[in-house]
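Right, one structure below, let's go through it.
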2 protein chains.
Amino acid sequence: MRDTDSPSSSLPADDPIGLQSFAVLLRRMNAEFNRIAQEFAHTQGLHLTDVQALIAVLDADDAEETGPMTPGRLRKQMNLTSGAMTACLDRLEKTGHIRRVRAADDRRVVHLHYAQAAKQVARDYFRPLAQSTDAARARFSDDELHVVVRFLAEMNRQLTLVRR
Amino acid sequence: MRDTDSPSSSLPADDPIGLQSFAVLLRRMNAEFNRIAQEFAHTQGLHLTDVQALIAVLDADDAEETGPMTPGRLRKQMNLTSGAMTACLDRLEKTGHIRRVRAADDRRVVHLHYAQAAKQVARDYFRPLAQSTDAARARFSDDELHVVVRFLAEMNRQLTLVRR
DNA sequence: ATATAATCTCTCAATGATTGACATTCTTTA
DNA sequence: TAAAGAATGTCAATCATTGAGAGATTATAT
């Protein structure tokens, strides 16, 4: 039935912790997140791009270090051209998810803020994720959860170093 | 400077483990993964969709339980229409990443296999991720890593339940 | 057997997001 | 004050995606 491909025996013999497991588990989780984001975008009549941009605006608004998001910063962060960025922000603004505010100190730049509508939107979007997270959390002790948080933080630190 | 939005103080006072941390950390990791995938797709002259499809084909080819991927299954998994799926597979086949093989037992279905070129492609794609994972792993004991694996597996289990 | 329904993949015109070069507005530097 | 630089926006062309349907194959019922 299955034509014999080169037998890519994916699991080496000595793999107590699951060397492969990490990549597989992380990739699968990533795919699930993307699926949920995709579905949410669809129900809201938005695109995945729009939702990702919206989240970035939200996160930047929360993180005081960076200041509010700007089209230029978002453009670089999302690897979009200026035309696409403008169109994306137009959609988000037209649907009332974000506001564009000219900066007072440098009138070239535009500050992006999430509107009230976006708050509910984000809540809805993250509800299933939050529920899943809670359900998963419930099965671990505090000490174990501390380990997981440490690991996630460390992963993120490492991943941001992979900017070529 | 920052016009005072409703002060969404994101961190409740009592948050020993980081109730928020989980969502933030997971979202950020997701964004990093997507960025790497996006960049890789760009260097290969592919689209993010194509890369995601390629990975799905690869994973299915490894996981003997399900059998090789088919356009229909991939279509559902990726929430694409048939037209988009065909176009995506056309691109992947034309660039030599996958092969389409008519199934012998049911000649309506097509089996998708990754070509040799895709192997190298996948290796390149996952190299930085693997390196990051290894670097992160190195800072944890075996017991701790077991906890993380358990958590990731549990998260995936919970997330797949969020199929509405 | 034979027709009918169901399944799987693909085609194609229409839609619409993205690209890439350029324009516009504003700031900084010489 | 002029010129260079920076941030955002405009617009025609490009190309992925949609959505309805066709074609080919298998399953079901009469």
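In what follows, chains carry the letters A, B, and so on, assigned in the order in which the sequence lines appear, proteins first and then strands, with residues in each chain numbered from 1.
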Distance, rounded to the nearest Å, where [X] contributes [atom1] and [N] contributes [atom2]:
X      : N      : atom1 : atom2 : value
A:L46  : C:dT18 : CG    : P     : 12 Å
B:K94  : D:dA16 : NZ    : P     : 9 Å
A:M69  : D:dA7  : CE    : P     : 14 Å
A:R102 : D:dA6  : CZ    : C1'   : 12 Å
A:M85  : C:dA21 : CE    : C1'   : 19 Å
A:L89  : D:dA7  : CG    : P     : 16 Å
B:R75  : D:dG19 : CZ    : P     : 11 Å
A:E93  : D:dG9  : CD    : P     : 8 Å

Residue [X], side-chain heavy atoms: nucleotide from [options] that is nearest:
X      : options                : value
A:R108 : D:dA6, C:dT11, C:dG20  : D:dA6
B:R100 : C:dC10, D:dG9, D:dT26  : C:dC10
A:A84  : C:dT18, C:dT11, D:dT25 : C:dT18

Taking everything shown except A:R139 itself, do over 12 heavy atoms lie less than 6.0 Å from its CZ?
->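 Counting neighbours around CZ of A:R139, 12 or fewer heavy atoms of other residues, nucleotides or ligands fall under 6.0 Å, so no.
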How long is the gap from CZ on A:R137 to CG on A:D142, to the nearest 0.5 Å?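 Here the interatomic distance stands at 8.0 Å.
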B:T86 side-chain N/O to C:dT11 phosphate OP1/OP2 under 4.0 Å:
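No, B:T86 has no side-chain N/O under 4.0 Å of OP1/OP2 on C:dT11.
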On the nucleotide D:dG19, are OP1 or OP2 found under 4.0 Å from the side-chain N or O atoms that B:S82 carries?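 Result: no.
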(Q) Please give me the minimum heavy-atom distance between B:L26 and B:M155, naming the atom from each residue. (A)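 Heavy atoms of B:L26 and B:M155 come nearest at CD1-CE, 3.8 Å.
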- Item | B:R75 (side chain) donor-acceptor with B:L80 (main chain) under 3.5 angstrom |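 Flag set: sc B:R75 to bb B:L80 pair under 3.5 Å.
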>> What I want to check is whether an N or O donor and acceptor connect the side chain of B:R107 with the base of D:dT25 at under 3.5 Å.
In response: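 No, the side chain and the base share no sub-3.5 Å donor-acceptor pair.
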Would you indicate what B:R91 reaches in the nucleic acid, counting non-hydrogen atoms under 4.0 angstrom: base, sugar-phosphate, or nothing?
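Answer is sugar-phosphate: B:R91 comes under 4.0 Å of backbone atoms only.
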ask   = Across the strands shown, which category fits A:G83 at heavy-atom distances under 4.0 angstrom: base, sugar-phosphate, nothing?
value =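 Base: the residue A:G83, judged by heavy atoms under 4.0 Å, touches a nucleobase.
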